[in-house]
Number of protein chains: 2
Amino acid sequence: MLVGMTVIRTARERARAEVRREILDAARRQLTAEGAEALSLRAVARELGMVSSALYRYFASRDELLTALIIEAYDELGERAERAAAATADQPAGLRWVAVARAVRAWAVDHPRRYALLYGTPVVGYAAPQSTVVPGTRVQIALAGIVLTAHRSGAIDAGRLGAGEPPVGSAVAADLARLRAALAQAAPDLLTAAGPSDVLLRATLLGWTQLFGLIGFELFGQLRGLVEDGEAFLVESAATMAARAGLQTGPLPPGR
Amino acid sequence: MLVGMTVIRTARERARAEVRREILDAARRQLTAEGAEALSLRAVARELGMVSSALYRYFASRDELLTALIIEAYDELGERAERAAAATADQPAGLRWVAVARAVRAWAVDHPRRYALLYGTPVVGYAAPQSTVVPGTRVQIALAGIVLTAHRSGAIDAGRLGAGEPPVGSAVAADLARLRAALAQAAPDLLTAAGPSDVLLRATLLGWTQLFGLIGFELFGQLRGLVEDGEAFLVESAATMAARAGLQTGPLPPGR
DNA sequence: TCTGGTGGGAGAGCAGTGCTCTTGAATGAG
DNA sequence: CTCATTCAAGAGCACTGCTCTCCCACCAGA
């Protein structure tokens, strides 16, 4: 008997899919409200009016439930980032970069516990399975796509990019080669023959870590009492990093 | 009967202090080995050959034990950073900045679980008490001290600092005023009449978030398969951020 | 329509957790 | 020497993830 792999056939399977969704919904609610380590299978079961052991028919373990929530969150955040990039496709790259950065922060501020699950301390004894890797890179790919698009269309301000910065060392050059290969796989049409320079790739990587570092600092309380308007600070920081990568923020390089 | 506040008087108090230290040692071992959320009062008690309820004579709760571990870790890391800054006091500011960054990363890599306790996801239901605030800023103060010292001695390369970056907005300027006040309290002798400019302070803040963002990315597995030599990448990143802040890496501005 | 296999809920139970309360013993001050 | 204080020990509460057994409902093939 041949059947389509994802086709729901029987009423039983329909019910199963629905219960699975309800479990995920309840788990997401608890994760949002109390944080990952307070996510309890028993509490989820209680909320759904079933007994805890019944949950194990749907998720083999708490870790598997966590994995589902992680992938879901990565995809939600990744989609926000991609939408922000797409919505600004006709704008200068610097503004696009800032738009994506704002979108990422907005999601993080809206869902701090879920963001922490993705970019905070890894849950002990939990090894992120392979299935989380691809969704986990969507934001970075979206940001890199902006840089690559700008580079492809010759919009990178070479005079500004990496001005006064140290040269790229050999160890880092090897890392950047790996990054170039990963980008070639994710967005092959954006890679030109000349390819993005090492300095540009390094600036992109610095932009990532800066963005996530700043969001983490804000969310985890490291900037308490210092930065009042997190949004404004992030916009300026992202714009600064974009400028340092040679991304233009206006139709013409301003102040020239 | 007047006694010094921290003087250990009786044998009882001596024993008490010793048991307290042993508890902390065992707890630190478990934290290092298994991570914060796996830190169990009962396991600590078991390791010390006592019963769990006895621990409550020394720490009112698990949170209080965690607080002690947090302060201890902040101080250990802060001391490393300060030592790195002191050991390079006669070097150009850019090299000093990199030295402190390396010291912070080295400690983080040596004690990933403890680093996660400080800069990772906050433990749910745990509000960092006031006593952690001061130790929690030692690294940032050390880094800022390097910048302020350079500024004070006129070693900031004004032509390089903030070149091509967006101007400081009003919201961020307010944040930087708070930062300036905090620095004035922490290192009053380093503030000149002219004071560090907003652009310099902003670059310093960006340096912090970049540093901790990068370390977090490396430690929490976000760079797996990409960056091989974390140390080399961090050194270059820190040097780049230092250069962007106008800190010099050699006796003379190179490449001029 | 009957029947046998399967999917899945219910419950008990295991080993662990933080924390509280009571009990009994050691200690040190007056 | 007395007696209040200090502290360890143990039982117990309410919770956790997870396993195992039991049993019922469904659903397909005969």
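No hydrogens, no waters, no symmetry mates; every other heavy atom, side chains included, goes into these values. Per chain, numbering begins at 1; letters A, B, ... match sequence-line order.
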Nucleotide N/O to protein N/O under 3.5 Å, stretch nucleotides 12-16 of chain C:
from, atom 1, to, atom 2, distance (Å)
C:dG13, O6, A:Arg42, NH2, 3.4

So, using salt bridge (charged side-chain N to carboxylate O under 4.0 Å, His left out) as the criterion, who are the partners of B:Arg105 when residues are at least two apart?
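Checked B:Arg105 against salt bridge (charged side-chain N to carboxylate O under 4.0 Å, His left out); matches are B:Glu218, B:Glu231.
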
Starting at atom [atom1] of [X], determine the distance to atom [atom2] of [N], rounded to an integer number of angstrom.
X       : N      : atom1 : atom2 : result
A:Leu48 : C:dA10 : CG    : C1'   : 15 Å
B:Arg62 : C:dC19 : CZ    : C1'   : 12 Å
B:Glu37 : D:dG17 : CD    : C1'   : 14 Å
B:Tyr56 : D:dC13 : OH    : P     : 17 Å
A:Glu34 : D:dC15 : CD    : C1'   : 14 Å
A:Leu65 : D:dT16 : CG    : P     : 14 Å

Check the side chains of A:Gln30 and A:Ser40 for a donor-acceptor pair under 3.5 angstrom, ignoring hydrogens and angles.
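On atom types as modelled, these side chains do not qualify, holding no pair under 3.5 Å.
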
Does a salt bridge link [X] with [Y], judged by any charged N lying under 4.0 Å from a carboxylate O?
X        : Y       : value
A:Asp25  : A:Arg29 : no
A:Arg138 : A:Glu82 : yes
B:Glu79  : B:Arg83 : yes

Please verify the inter-ring angle class for B:Phe217 with A:Phe212; under 30° counts as parallel, over 60° as perpendicular, anything in between as tilted.
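B:Phe217 vs A:Phe212 ring planes: tilted.
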
Backbone N/O of B:Ala85 and side chain of B:Arg96: donor-acceptor pair under 3.5 Å:
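Such a contact is found between B:Arg96 side chain and B:Ala85 backbone.
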
Starting at CZ of A:Arg178, measure out to CG of B:Leu223 and round the result to the nearest 0.5 Å.
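Between A:Arg178 CZ and B:Leu223 CG, I get 11.0 Å after rounding to 0.5 Å.
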
Polar atoms only, N or O, under 3.5 Å: list the protein pairs with nucleotides 3-8 of chain D and their distances.
from, atom 1, to, atom 2, distance (Å)
D:dT6, O4', B:Arg12, NH1, 3.4
D:dC7, OP1, B:Arg16, NH1, 3.4
D:dC7, OP2, B:Arg16, NH1, 3.0
D:dA8, OP1, B:Tyr58, OH, 2.7
D:dA8, N6, B:Arg57, NH2, 2.9

